[in-house]
Structures are given as C-alpha cells and as structure tokens.
There are 2 protein chains.
Amino acid sequence: MDGRRAKGERRRREIIDATLRVIERDGVAGVTHRVVAREAGVPTTATTYYFSSLDDLLVAALTTAAEDYVSQVLGLAGEALSTRDSAAALADLLAESAGPRRGRTIAEYELHLLAARRPALRPAARRWIEVMRELCRELFDDEAAFRALIAAVDGLMVEALVADEPPGVEDFRPVLEYLIGPRTRLPGPNPSGSPTVE
Amino acid sequence: MDGRRAKGERRRREIIDATLRVIERDGVAGVTHRVVAREAGVPTTATTYYFSSLDDLLVAALTTAAEDYVSQVLGLAGEALSTRDSAAALADLLAESAGPRRGRTIAEYELHLLAARRPALRPAARRWIEVMRELCRELFDDEAAFRALIAAVDGLMVEALVADEPPGVEDFRPVLEYLIGPRTRLPGPNPSGSPTVE
DNA sequence: TCACTACTGGAACGATCGTCCCACAAGTTT
DNA sequence: AAACTTGTGGGACGATCGTTCCAGTAGTGA
C-alpha cells in the first residue's frame with residue numbers, strides 16, 4: 001500500500017468534487033483549471049497533473065456525477081418505488097430534482113447535452129436511462145409504456161428547469177399517474193398498446 | 001426609409017445567423033465575438049456594435065432560433081398533423097430532428113439549459129412548449145394525456161441525442177402511438193384519466 | 001453644401017485562459 | 001543511506017478572450 005497513491009487518489013476525488021460544485025454554480029462553461037483549483041484549495045498545476053487535459057477533467061467529473069446519481073436513485077427511489085405508490089414516489093423524486101437539487105439537476109442535463117457532442121461521455125449519460133429502465137421495467141408489461149414513462153420523466157424535468165417557479169409534487173403527479181396508473185402494477189397483456197386502468 | 005438602418009438590420013441578422021451556425025458546430029461554449037465575426041465575414045467590432053455584450057448576442061441568437069423553429073413546426077408539422085396520422089407525423093419530426101437536423105437540435109436544447117440559468121431566455125424556451133400544446137391540445141380530452149405526450153417528445157429527443165446511431169422513425173413510432181393512440185383523435189370523456197382506444 | 005447620424009474597422013487594453021517547465025518535497029524500495 | 005517514484009507548486013509562455021477607443025466612411029435631412 002502506497003501512501004502517496006492513496007493521498008493522490010483522495011486529491012483526485014477532491015478535484016472532481018470541486019469541479020462538480022463549479023458546474024452546479026457556473027455551468028460547464030465555468031470550468032477552468034484555475035477556478036477548479038481555487039475551489040478545491042489546490043494549486044493550479046494539480047488539476048493538470050491529475051487530468052491531462054481539461055476535457056479529461058470534464059469527462060471524469062461528469063462520469064462520477066452520473067454514477068453518484070445512479071447509486072442514489074438505486075438506494076432511495078428503489079426502496080420507495082417498491083414500498084410506496086410508484087407515481088407518488090417518482091413525483092417526489094422529480095420535485096426534489098427541480099427544487100432543492102435544481103443546480104445539480106441542471107449540471108446533470110448539461111452532461112447529457114455534452115455527451116451529444118462528445119462520445120466519451122455517452123456511456124455515462126446513457127447509464128441513468130438504463131437504471132431507470134431497471135427500476136421501472138417491472139411496472140410495465142408493455143415496452144412502449146415504460147419507454148413513454150422514462151422519456152416523459154426526462155421531458156418533465158427539462159420543462160421544469162425553465163419554469164420561473166419550480167413545480168411541486170402536485171404538478172408532476174397527475175402526469176405520472178396517467179402513465180403508470182393509480183395502482184402500482186398495471187394489468188396484463190394490452191393488445192391495443194394503450195394503457196388501461198382496472 | 002434609411003438605407004443605413006436597413007443595411008444595419010441585415011447585418012445584424014447575418015451576425016445572428018452566424019452565431020447559430022457556430023452554436024451548431026461548437027456549442028454555446030464556442031461562441032466568441034471573434035469567432036462569430038469571422039463566421040459572418042464582418043470585423044470583430046461589428047458584433048459588439050450590434051450587441052452590447054456577448055450575453056445579448058446569445059439571447060438574441062437563441063430567441064431567433066426558437067422563433068424560427070416554432071414557425072417551421074407550425075407550418076410543416078401543423079399541416080402534417082391535421083392531414084396525416086398524428087403519431088407517424090410526430091415520429092417523422094423526431095427522426096428528422098435526431099438525424100439530419102441533429103446539430104440544430106442540440107443547439108436548441110442548449111438553449112433550454114441555458115434558459116435554466118438565465119431568466120432572459122426562459123420565455124423563448126417555453127414558447128416551443130406552448131406551441132406543442134397548441135398543436136396537440138385538440139388531440140386530447142385529458143390534460144395529463146397531452147402533458148405526458150409533450151414531455152415524452154422532449155425526453156425521446158434528449159435520449160436520441162446521446163445515442164451512437166440516430167434513431168429512426170420506427171424507434172419513435174410505437175411510443176408515440178402508445179401516447180396518442182393509433183387513431184388521430186381519441187374518444188371523449190375518460191374518467192379514469194388513462195387513454196383508451198375505441 | 002453642411003452638420004448630423006449610422007455604421008465601419010483597425011488597434012490595443014488588461015484579464016484570463018490551457019498548458020508546459022522544472023526545482024523541490026515526500027514517500028517507497030533496495 | 002542511496003536511488004527511485006510520486007506528488008507539489010511556483011512561475012511563465014503564447015494565445016485568446018471581452019471590450020473599449022477612435023479615426024474614418026457613407027448615407028440622410030436641412
């Protein structure tokens with residue numbers, strides 16, 4: 001075990017965390033070596049030492065953010081989705097993302113858009129969609145049904161971020177109930193391809 | 001009629017168009033006075049003459065882009081939606097946005113995210129949602145139903161932009177048919193809040 | 001014709017950028 | 001202890017940034 005490497009890994013992680021705070025505050029555009037270094041309390045050269053280029057730093061930071069979010073959703077929402085009403089749990093998650101965690105949410109969607117331009121970020125960007133699929137798959141018998149739900153969740157968030165006032169649970173819930181249905185599990189085969197209730 | 005003003009307005013519009021091309025190519029981060037001026041074929045000071053700051057230029061460019069898109073959607077899609085199968089028409093629109101118009105679509109979603117940080121952009125960002133509402137409202141009797149559709153359209157686009165290969169019409173169509181129903185107009189009152197067919 | 005306004009475009013300012021260089025400290029291995 | 005690897009951090013390079021200044025051109029109204 002090398003004490004130097006351990007300390008290095010710690011510092012590397014601190015730089016990534018600082019980068020995420022900068023993105024939350026100023027957006028991806030605000031990420032520079034100097035700003036990140038100041039935020040992390042390390043000399044400017046530390047960021048270039050651990051990340052060969054600014055692009056590498058961005059990829060690392062946003063990949064980490066995606067992983068953090070995924071594990072959080074898996075922990076919290078996964079539990080909530082299985083024990084509570086699904087639509088209500090999802091509405092809570094959305095309201096939380098649009099309200100208290102708004103800055104972080106904006107940062108995460110900037111990841112999505114950055115991934116559209118930089119292939120290196122795409123696996124990380126897609127991963128949260130896959131996680132949502134895992135979370136929601138068992139709620140649906142129909143492929144189109146949960147693709148619609150997942151897409152709608154993203155769309156509702158994008159919509160919420162440009163609202164003057166962050167929407168609340170009550171704004172999300174009707175749409176989610178419409179997509180999921182008031183009951184946790186939807187009935188079986190549905191030849192028409194449309195959701196039904198009861 | 002002042003020939004100078006007319007020429008000025010023309011040049012102003014050329015600068016905006018050049019800005020949009022730069023955004024398509026390099027993203028919002030790539031927009032600088034010098035780059036835009038070079039793209040437009042005007043001296044650097046022209047961009048500062050017509051737009052007091054770089055921020056003003058961004059607001060003007062992205063507002064214009066939103067308006068252009070809105071009028072295009074109103075013209076093309078409005079016609080298609082009324083004369084053809086709605087789901088198919090929307091699927092075409094999405095495939096077009098994710099494929100040939102991919103760069104422009106990315107630019108438009110960067111507008112959305114920028115609007116999350118800058119209130120000046122929010123009206124322009126919200127306008128396209130309102131237009132979609134106008135386009136889709138008559139297809140639905142239920143508020144939640146078309147809110148779900150509009151959100152899903154956004155979500156499908158965000159998802160499509162991080163895919164390695166642009167999805168085609170056949171990828172979008174099942175989801176849209178699920179949300180709209182195979183027929184253009186849905187049946188009347190629907191107490192359960194879920195869409196039904198026939 | 002002449003003051004006036006709208007527009008043009010070159011030059012330059014200070015600031016900040018990404019990145020490199022290199023001397024040095026700290027920790028590990030032999 | 002000596003030789004090494006790994007991490008540290010100050011300083012500086014050239015480039016580019018947003019923005020300002022200002023002399024000059026062209027079109028307009030009196």
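The shown structure was predicted, so the numbers you read here are calculated from the model rather than taken from an experiment. In the text below, chain A, chain B and the rest are named by the order of the sequence lines, each starting its count at 1.
Atom P of nucleotide C:dG9 and atom CD1 of B:Ile15 are separated by 11 Å, given to the nearest angstrom. Rounded to an integer number of Å, the gap from B:Leu57 CG to D:dC17 P is 14 Å. One can place CZ of B:Phe51 at 16 Å from P of D:dT20, the figure rounded to the nearest angstrom. For the pair A:His33 NE2 and C:dA15 P, the computed distance is 22 Å after rounding to whole Å. Rounded to whole Å, the distance from CG on B:Asp56 to C1' on D:dG18 is 13 Å. In this structure, A:Arg12 atom CZ and D:dG7 atom P are separated by 11 Å, rounded to whole Å. With rounding to whole Å, A:Arg10 atom CZ is found 10 Å from D:dT8 atom P.
Dashed line: the shortest gap from a side-chain N or O of B:Arg38 to OP1 or OP2 of D:dT16 is not under 4.0 Å. Contact annotation: B:Arg5 side-chain N/O to C:dT5 OP1/OP2 distance is not under 4.0 Å. Remark: A:Arg11 is not in phosphate contact with C:dA26, judged by side-chain N or O atoms under 4.0 Å from OP1 or OP2.
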### Message
Working note: B:Arg12 + B:Asp56, criterion salt bridge (charged side-chain N to carboxylate O under 4.0 Å, His left out); need CA distance, chi angles, decisive distance, verdict.
### Response
CA-CA 12 Å; B:Arg12 189 186 150 92; B:Asp56 282 357; over 6 Å; no

#### Entry: Check against salt bridge (charged side-chain N to carboxylate O under 4.0 Å, His left out), B:Arg21 and B:Asp17
CA-CA 6 Å; B:Arg21 288 196 299 274; B:Asp17 288 342; 5.5 Å; no

### Task
Report the C-alpha distance between B:Arg147 and A:Asp171 in whole Å, list the side-chain angles of each, state the deciding distance to 0.1 Å, and finish with yes or no for salt bridge (charged side-chain N to carboxylate O under 4.0 Å, His left out).
CA-CA 10 Å; B:Arg147 281 193 63 197; A:Asp171 294 308; 5.4 Å; no

#### Entry: A:Arg104/A:Glu108 under salt bridge (charged side-chain N to carboxylate O under 4.0 Å, His left out): CA gap, chis, key distance, verdict
CA-CA 6 Å; A:Arg104 181 66 175 243; A:Glu108 278 153 6; 3.5 Å; yes

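Among the protein residues, A:Thr48 comes within range of the nucleic acid bases, having at least one heavy atom under 4.0 Å from a base atom. Residue A:Thr45 is classed as a base contact, given a heavy-atom separation below 4.0 Å to a base. Among the atoms of the strands shown, only primed sugar atoms or phosphate atoms (P, OP1, OP2) are found under 4.0 Å from some heavy atom of B:Tyr50. B:Val36 comes within contact range of no nucleotide atom at all, as no heavy-atom separation falls under 4.0 Å. At the heavy-atom level, A:Tyr49 lies under 4.0 Å from base atoms of the strands shown.
Remark: the backbone N or O of A:Ile150 is not paired with any side-chain donor or acceptor of A:Arg133 at under 3.5 angstrom.
If B:Glu9 and B:Arg34 are placed on DNA chain C by their nearest nucleotide, the residue sitting closer to the 5' end is B:Glu9.
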